[in-house]
Structures are given as structure tokens and as C-alpha cells.
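Quick note: numbers below take in every heavy atom, side chains included, and nothing from hydrogens, waters or symmetry partners. Numbers here simply count residues along the sequence, with the first being 1. These figures come from a predicted structure and were not determined experimentally.
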Amino acid sequence: QVQLVESGGGLVQAGGSLRVSCAASGLTLSSYAMAWFRQAPGREREFVARINRSTSTTYYADSVKGRFTISRDNAKNMVYLQMNSLKPEDTAVYYCAAGDRVGNIYYTSTYDYWGQGTQVTVSS
């Protein structure tokens, strides 16, 4: 079955960097657009970044643009989110998602598969 497993979360000071990873199995990664979402306590899950399957075109939420970079390695079945200049408001559980259908890229319903999430905490 399809599994997405996130790793690399942790505690970092404001201004620091962290890279979270997503290991995919049970699917052909190159056939899927991949995305990162995040969810802070008491808030809805929100879009962070997306990388398309074929062109590797990327999209970012305005709140992370210029600080975060999404990338993929189809040969290794891995997706990454490099996070720089972290802020306390970036604190959340970060989720990896995979989808292969047309839809609004910012909506969770566009994605078919989800990981269990990894906690990122940014201290001030």
C-alpha cells in the first residue's frame, strides 16, 4: 500500500534552518505531484508548497516564499522541504501529500495520500 513517511522535524531557534523529508513507497513518485502542508494547533491545515510531477514547477504559499524550497528525487522516491530563516509562526506539524488529479493545488482534497506528519517547533 502507499506510504508517505515524514522525518527531520525538530526544535530550532528563530532564524535557523531545517530540512524535512518525505519517503514514499507503494507508488511511482514521478507520476504524482507532491506537496507539503502544515497544521498549527487550533488552525486548519494549510498549503505550504507543491512540486509538479513532470515539469517540476513549484508553488509556494506567500508566507514561505523566498524562505522555503521544495524539491524531489524521483530515483530515491524522496521529497524534501528546505526551510530557512524560520520564524515562530512556522511552528506546526508538517505533512507530505501526493496527488495525481486536477484540482485546486491549495486544497487538501486535491491530494490522495498523506503522511503522518512531523513536528517543527521554532523558538523565539
Side-chain angles (χ1 to χ4, degrees):
Q1 74 275 20
V2 175
Q3 274 195 313
L4 301 177
V5 180
E6 300 93 338
S7 62
L11 175 63
V12 63
Q13 286 190 331
S17 298
L18 205 61
R19 188 178 81 160
V20 291
S21 302
C22 173
S25 61
L27 55 75
T28 303
L29 194 66
S30 59
S31 298
Y32 289 83
M34 301 299 295
W36 288 95
F37 283 72
R38 67 186 181 186
Q39 188 166 19
R43 301 189 65 175
E44 291 189 353
R45 194 169 297 189
E46 64 174 5
F47 173 84
V48 175
R50 169 183 166 117
I51 184 166
N52 282 353
R53 56 181 179 178
S54 57
T55 65
S56 289
T57 302
T58 56
Y59 305 86
Y60 296 95
D62 287 343
S63 59
V64 307
K65 203 171 292 183
R67 301 188 297 122
F68 290 12
T69 303
I70 187 172
S71 61
R72 64 193 298 159
D73 185 336
N74 290 336
K76 294 183 178 179
N77 267 16
M78 296 291 295
V79 181
Y80 306 99
L81 184 68
Q82 177 68 43
M83 303 182 289
N84 299 328
S85 302
L86 282 161
K87 305 174 182 180
E89 51 262 44
D90 294 318
T91 295
V93 176
Y94 283 71
Y95 296 91
C96 176
D100 66 349
R101 52 180 143 158
V102 175
N104 190 310
I105 67 169
Y106 304 104
Y107 290 175
T108 57
S109 58
T110 299
Y111 302 90
D112 300 304
Y113 303 107
W114 292 85
Q116 83 291 345
T118 186
Q119 177 71 47
V120 172
T121 303
V122 184
S123 63
S124 56

Discussion item. Taking salt bridge (Lys or Arg N to Asp or Glu O under 4.0 Å) as the cut-off, I'd like each qualifying pair that reaches into residues 113-124, sequence neighbours left out, listed once.
Written reply: none
Practice prompt. With sequence neighbours left out, write down each residue that passes side-chain contact (heavy atoms from CB on, under 4.5 Å) with A23, or none if nothing qualifies.
Written response: M78
Worksheet item: With sequence neighbours left out, what residues match Y59 under side-chain contact (heavy atoms from CB on, under 4.5 Å)?
Response: F47, R50, N52, T57, I105
Fill in: Partner residues of R101 under the salt bridge (charged side-chain N to carboxylate O under 4.0 Å, His left out) criterion, sequence neighbours left out
D112
Item to complete: Would you please name every residue forming a side-chain contact (heavy atoms from CB on, under 4.5 Å) with S25, sequence neighbours left out?
Response: Q3
Practice prompt. List in chain and number order the residues that pass salt bridge (charged side-chain N to carboxylate O under 4.0 Å, His left out) with R67, two or more places apart in sequence or in another chain; answer none if no residue qualifies.
Written response: D90
Response to the item:
Apart from L4 itself, its cluster of hydrophobic side chains linked below 4.5 Å comprises V2, V12, L18, V20, L27, L29, Y32, M34, W36, V48, I51, Y60, V64, F68, I70, V79, L81, M83, L86, Y94, Y113, V120, V122
Item to complete: For residues A40 and A92, report the shortest heavy-atom separation together with the two atoms involved.
Response: N-CB, 3.9 Å
Worksheet item: With N104, which residues qualify under side chain to side chain donor-acceptor pair (under 3.5 Å), at least two apart?
Response: none
Fill in: side-chain hydrogen bond (donor to acceptor under 3.5 Å, both in side chains) pairs, two or more places apart, involving residues 71-82
R72-N74, Q82-N84
Fill in: Name of the residue among Y95, W114, Y106 meeting ring pair (Phe, Tyr, Trp, His ring centres under 6.0 Å) with F37
W114
Discussion item. Once salt bridge (charged side-chain N to carboxylate O under 4.0 Å, His left out) is applied, do any residues pair with E46, and if so which ones, sequence neighbours excluded?
Written reply: R38
Discussion item. Test: salt bridge (Lys or Arg N to Asp or Glu O under 4.0 Å). Region: residues 5-25. Which pairs qualify, not counting sequence neighbours?
Written reply: none
Discussion item. Can you give me the closest heavy-atom contact between A14 and S124, atom names plus distance?
Written reply: CB-CA, 4.3 Å
Worksheet item: What's the spacing between R53 CZ and S31 OG if we round to 0.5 Å?
Response: 6.5 Å
Practice prompt. Apply side-chain contact (heavy atoms from CB on, under 4.5 Å) to T121 and list each qualifying residue two or more places apart in sequence or on a separate chain.
Written response: L11, T91, Q119
